[in-house]
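Just below is one structure, and these are the notes that go with it.
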Amino acid sequence: MQDERYLRLLSEKFPNSQAVVTELINLRAILSLPKGTEHFVSDLHGESMAFIHMIKNASGVVRKKVDEVYGATLSEEEKRAICALIYYPDERIELIKKYYDGDKDENYTTLFTLNAQISNLPTLEEWYRTRLHQVVNIARAVTIKYSRSKVHRLLPKGYEYVIAELLHESNLEQHDRQTYYNAIIDAIIETGCADQLIIAISYLIHGLTIDTLHIVGDIFDRGPGASKILDVLSTVRDYDIQWGNHDIEWMGAMAGNMALLATVLRVSIRYANIETLEEGYGINLLPLANFAMTVYGDDPCTIWQTKDFENNPRLTRSAQLMAKMHKAISIIQFKLEGQTVKRHPEWHMDHRAVLDHLRFEDGHLTFNGQPLLDTNLPTVDPKDPYALNQYEQDLMNQLWRSFRKSEKMQRHLKMLYEHGSLYLVRNGFLLYHAAIPLNADGSFAEADVCGKRVKGKALMDRTDEVIRMAYYGEGKEKEDALDYMLYLWEGEFSPLYHKDKMTTFERYFLADKETWAEKKGAYFTLADDEKICEQILKEFGLNPATGRIINGHVPVRTIKGETPIRANGKRFVIDGGFSKPYQEKTGIAGYTLIYNSHGIQLVEHESFESREQAILSGSDIHSRTLLQDFSGSRLRIKDTDKGKELLEQLEALEQLLHAYRSGIFREQ
């Protein structure tokens, strides 16, 4: 029996038995609807164009709907044209109108001439009429499993009535209904509203083919469009983020961890990816450029050239200047990391206070006895190697002000906190980006997380709490939590890293590649064991027999025979290489795991050609299904976690109805 106080609060929303009965009918109907489609992706790493296209084509779901509706009745060219229109309606319509206006630009004349001949569409009005019918048919196929009220909430303001009439007009075989439907289409074209209606219906299709989007970590780094990804996410109706190590790196920098701020700058410059900083967030890098030229003006900075600088079209400054900036911010990073590590001896990371290991031997600068590839370190004081000189301190203050004053950066940081978490349990899945730290024997590893010794689920909960303290906390608690963000980036028992060390310094300064080695934690070997996965699932309250784990973080090298399906299907590793720098390792361009009312599909993607080609020629991300795990009976909303919540609401409403009918509560 619900608490009487709760029922009285509920009665304010449902003041009489009729209101309760109406809601009971509504909830029971919703519970019987098919489960919404969930999409899981990870490791986007700033590849905004591929991500945006994936949102628009719903990882191939839109194309499947077109095939289901039209089958062999339309040619391949026509189906591609429909898909391109749904994906990019604004741009596609603009090109179509140019064609019909007589603009014969060679880039698209051939395509649209062919489409016009195939479809027998001699005029723009005929094109509108045909395409309106087609996008409405696809929208009808997409919306059929949703309640009318849910669809209505997503309809664009001003067009609700017209689109609702088109979508729910199902008896077109009846002459009168067909006449009515055609009259709506004709009126849309005659009043000049066809463009807006096609665009609105296309966006409705985008919004409903992905009911819930799960980002299993790493929106940032490598690619140029992390800010664009977050802009697009802000328009998605239902999404969540499980923070990855690269997200934590940026979140720490955005919140004021100076070592991570330097790290963000270093990684961005190393990969010639300053677009996210400069264009995405308006960060002024001129102070860093001035500092680098002043300190390293005569230094060739040979080992500091950015990745693939000779062929990288995103390199917006001279390679030489970028190399100097790269070196300047890297030295500052090593200093700030050392300061932070020395403040926290409980981290046991003295080996990462790397400047302590520099020595002058026989007139040469060495690191643990090995010669350095670059010995020009004019800003490092041997007596106090971690101290920033005044010029460096002023530079970091300027850069931090630029971060703090970026409205978009602070808005995106808030999004990451409001929609993010370290892990998520949803509908029988356990989602986390990288690892649950384990000992070599498979037991959960215990670690100190800001003063508390924890392991397993408790470690993940405490870490999530500390990440939030870094943003929402105050005083010493906030300072320690903000420092801990650095540990999460590179600490041995961090669930986002879980390696013995991060050898950034060695990779720059030492020729011996054996010193670059980073030993992975036990999880990355043991989690391919079904029993270990069952142990983890049980720890998080999931049924070990039916639950599944979804990870990203470690690219799946399909070209070497690796598979994303691990531990006899208990774990899915869905980092397939959205990021272009990883695609040479993976051989593909990403995975999407799709969980709909029929079951689970794991989809493997090829590289995305370009947005321009998708608009112009209808090119798509080619995908193939690796796994289809479909159950015999279709899953309903009542079978989901949301369904459990609705069933609890249903029980409370039934008790409220009893209270009204028995006279315990007076109806209003």
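Judged purely by atom type and a 3.5 angstrom limit, T276 uses its side chain to pair as donor or acceptor with the backbone of P224. Judged by distance alone, the side chain of S443 and the main-chain N or O of N439 form no donor-acceptor pair under 3.5 Å. Judged by distance alone, the side chain of S42 and the main-chain N or O of I574 form a donor-acceptor pair under 3.5 Å. In this structure, Y146 contributes its side chain and L208 its backbone to a donor-acceptor pair below 3.5 Å. Under a 3.5 Å cut-off, the side chain of R548 and the backbone N or O of G569 do form a donor-acceptor pair. Side-chain atoms of R352 do not come within 3.5 Å of backbone N or O of K501 as any donor-acceptor pair. Judged by distance alone, the side chain of D221 and the main-chain N or O of H246 form no donor-acceptor pair under 3.5 Å. Between the E492 side chain and the D500 main chain, no donor and acceptor come within less than 3.5 Å of each other. Using modelled atom types, one side-chain atom of Q535 and one backbone atom of G442 make a donor-acceptor pair closer than 3.5 Å. A donor-acceptor pair is defined here as one N or O able to donate and one able to accept, closer than 3.5 Å; such a pair exists between the side chain of R462 and the backbone of V449.
Side chains of N596 and E38: a donor-acceptor N/O pair is absent below 3.5 angstrom, by distance only. Of the N and O atoms on the side chains of E346 and H344, at least one donor lies less than 3.5 Å from an acceptor on the other residue.
With sequence neighbours excluded, the residues satisfying ring-ring contact (aromatic ring centres under 6.0 Å, His included) with F429 are F40, Y595. Scored by the salt bridge (Lys or Arg N to Asp or Glu O under 4.0 Å) test, E474 finds no partners at all (sequence neighbours excluded). For Y487, the ring-ring contact (aromatic ring centres under 6.0 Å, His included) partners at least two apart in sequence or on another chain are W347, Y484. The ring-ring contact (aromatic ring centres under 6.0 Å, His included) test applied to F403 returns no partner, not counting sequence neighbours. Scanning for side-chain contact (heavy atoms from CB on, under 4.5 Å) contacts around A259 gives N257, L336, E337, T340, L486, with sequence neighbours left out. Under the rule for a side-chain contact (heavy atoms from CB on, under 4.5 Å), the partners of K476 that lie at least two apart in sequence or sit in another chain are E479, D480. Remark: S402 engages I283, N284 in a side-chain contact (heavy atoms from CB on, under 4.5 Å) (not counting sequence neighbours). The ring-ring contact (aromatic ring centres under 6.0 Å, His included) search around H433 returns H553, not counting sequence neighbours. Judged as a side-chain contact (heavy atoms from CB on, under 4.5 Å), and not counting sequence neighbours, the contacts of E539 are F444, K457.
With ring centers used as reference points, Y239 lies under 6.0 Å from H419.
The aromatic rings of Y281 and W250 sit tilted relative to each other, their planes meeting at an angle between 30° and 60°. Taking the six-membered ring where the residue is Trp, H53 and Y87 present perpendicular rings, their angle passing 60° and hence far from 30°.
Applying the salt bridge (charged side-chain N to carboxylate O under 4.0 Å, His left out) test to pairs two or more places apart or on separate chains, those with a residue in residues 568-579 are D528-R571. Annotation: salt bridge (charged side-chain N to carboxylate O under 4.0 Å, His left out) contacts involving residues 236-256, sequence neighbours excluded, comprise D211-R237. The ring pair (Phe, Tyr, Trp, His ring centres under 6.0 Å) pairs that include a residue from residues 453-475 are Y417-Y471, Y417-Y472, where partners are two or more places apart or lie in different chains.
Residues S59 and I594 meet the side-chain proximity criterion, which asks for heavy atoms closer than 4.5 Å. With contacts defined as side-chain heavy-atom distances shorter than 4.5 Å, the pair Y423/L431 does not qualify. By the 4.5 Å heavy-atom criterion applied to side chains, L593 and H39 are not counted as neighbours. The closest side-chain heavy-atom distance from L285 to E278 is below 4.5 Å. In this structure, L438 and I532 have side chains that are in contact, with non-hydrogen atoms separated by less than 4.5 Å. I329 is not listed as a side-chain neighbour of M325, based on a closest heavy-atom distance of 4.5 Å or more. Here the side chains of F220 and V264 are not in contact, with every heavy-atom distance at 4.5 Å or above. With contacts defined as side-chain heavy-atom distances shorter than 4.5 Å, the pair I219/D43 does not qualify.
The residues R468 and E465 are annotated as not salt-bridged, no charged nitrogen and carboxylate oxygen being separated by less than 4.0 angstrom.
For K408, the NZ atom counts as densely surrounded, since its 6.0 Å shell holds more than 12 non-hydrogen atoms of other residues, nucleotides or ligands. Atom NZ of K145 is surrounded by more than 12 heavy atoms from other residues, nucleotides or ligands within 6.0 Å.
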So D483 and R343, salt bridge (Lys or Arg N to Asp or Glu O under 4.0 Å) or not? Walk me through it.
CA-CA 9 Å; D483 277 358; R343 284 198 297 271; 3.1 Å; yes
Just do the salt bridge (Lys or Arg N to Asp or Glu O under 4.0 Å) check on R507 and E518 with the steps written out, would you?
CA-CA 11 Å; R507 289 169 185 268; E518 298 169 348; 3.8 Å; yes
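For the pair H206 and I86, the tightest heavy-atom approach, listed with the atom from each and the gap, is NE2-O, 2.6 Å.
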